Protein chains: 2
Amino acid sequence: MDNIDRNIINLVQAFGRATNAEIAGACGLSVSAANDRLKRLQERGAITGWSARVDPDAVDLGLLAFIFVEIDHTGHNERFIAAATLMPEVLELHHVTGEWSYLLKVRARDTKALETLITGRLKALPGVARSHTHIALSSAKDNGPLPVDVSGDD
Amino acid sequence: MDNIDRNIINLVQAFGRATNAEIAGACGLSVSAANDRLKRLQERGAITGWSARVDPDAVDLGLLAFIFVEIDHTGHNERFIAAATLMPEVLELHHVTGEWSYLLKVRARDTKALETLITGRLKALPGVARSHTHIALSSAKDNGPLPVDVSGDD
DNA sequence: ACTGAAATACCAACACT
DNA sequence: AGTGTTGGTATTTCAGT
């Protein structure tokens with residue numbers, strides 16, 4: 001992982017459909033070398049996959065919320081993680097420090113769908129003692145690229 | 001936006017480098033039709049771009065944190081948003097309901113870098129009254145795909 | 001590891017249904 | 001909107017450095 005690799009990572013984060021020729025041009029490599037490096041970055045696991053960025057409003061998921069959850073008995077943690085991870089509305093599930101056990105990022109169609117998710121499905125899971133929801137009114141930035149420093153060591 | 005479009009969106013969210021032939025095969029279309037639909041989804045803004053998924057650990061950003069920020073005077077909001085959005089460590093910036101003004105998702109190398117970010121840069125912005133940080137100990141799910149329902153109306 | 005070239009696969013425009 | 005064809009590009013492999 002040298003600076004060229006980091007440049008490639010920055011490039012393909014911003015432009016996931018960049019061609020090998022474009023990567024090569026930006027990094028001063030031949031097309032083959034760019035292709036080789038991209039493949040190696042994937043084989044090593046630095047690049048884990050590719051994705052289209054989708055406008056939530058276009059797919060009727062205008063409501064974004066962050067939900068803190070507290071689990072009351074230690075034995076329930078694994079089951080909660082397994083169940084919540086499988087819920088498609090749960091985009092993220094983090095184990096966090098502080099007064100709460102988990103922080104979930106969820107998207108839903110509207111407040112009604114959010115209510116169903118929280119009271120009907122999340123709070124129905126064993127061990128969920130309480131939850132606290134923050135609704136996002138607007139997002140100035142969402143899913144930004146990882147800031148990969150290109151002036152680190154080679 | 002019909003069910004075929006929603007299928008395509010689900011597919012390219014999971015496999016951002018899916019070829020038109022693969023999309024066509026999955027949706028029962030010809031390659032040309034798949035290409036046309038993909039183009040139209042981008043022209044309409046449903047698909048906003050393409051991105052490589054990157055392993056944070058591979059680029060030395062092992063620390064994930066969520067930071068709540070309170071802004072004390074209304075006039076400072078715009079400037080805070082503008083400044084925080086430009087910080088590369090700030091992956092997300094949401095205006096949220098509740099006792100706090102904003103919720104930020106940030107990534108940093110380690111606790112030292114996080115401290116510099118919070119005390120040296122975020123809290124230095126005008127209007128930042130206080131902040132509260134939740135550190136993610138682990139993430140069972142991160143940046144999951146938007147759950148696009150394929151059984152909605154055509 | 002990188003280069004350059006050859007073979008293969010892919011995309012995008014076209015005429016037509 | 002969809003299909004099949006076609007010409008132009010992109011990708012990928014390989015021998016050589």
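Here is how names work: the chains are called A, B, and so on, in the same order as the sequence lines, proteins then strands, and each is numbered from 1. Everything quoted here is computed from the prediction, not taken from an experiment.
Annotation: salt bridge (Lys or Arg N to Asp or Glu O under 4.0 Å) contacts of R40(B) (sequence neighbours excluded): none.
Reading DNA chain C from its 5' end, the first and the last nucleotide to sit under 4.0 Å from a heavy atom of chain A are dA1(C) to dA5(C).
R6(B) contributes no side-chain N or O that, together with a main-chain N or O of S151(B), makes up a donor-acceptor pair within less than 3.5 Å. Between the side chain of N3(B) and the backbone N or O of V150(B) there is at least one donor-acceptor pair closer than 3.5 Å.
To the nearest 0.5 Å, atom CG of residue L38(B) and atom CD1 of residue I8(B) are 6.5 Å apart.
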Its contact letters, B for base, S for sugar-phosphate only and - for none at protein heavy atoms under 4.0 Å, make nucleotides 6-17 of chain D read ----SSBB----
Contacts under 3.5 angstrom, residues 54-74 of chain B side chains, donor-acceptor by atom type, not counting sequence neighbours:
residue	atom	partner	partner atom	Å
D55(B)	OD1	D57(B)	N	3.2
D60(B)	OD2	R109(B)	NE	3.3
D60(B)	OD2	R109(B)	NH1	2.9
D60(B)	OD2	R109(B)	NH2	3.3
E70(B)	OE1	R130(B)	NE	2.4
E70(B)	OE1	R130(B)	NH2	3.0

Taking distance alone, no hydrogens or angles, what donor-acceptor pairs closer than 3.5 Å link side-chain atoms of residues 131-139 of chain B to residues at least two apart or in another chain?
residue	atom	partner	partner atom	Å
H134(B)	ND1	T97(A)	O	3.2
S139(B)	OG	H94(A)	ND1	2.6

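For residues 114-127 of chain B, the set of pairs meeting the side chain to side chain donor-acceptor pair (under 3.5 Å) definition, not counting sequence neighbours, comprises E89(B)-R121(B).
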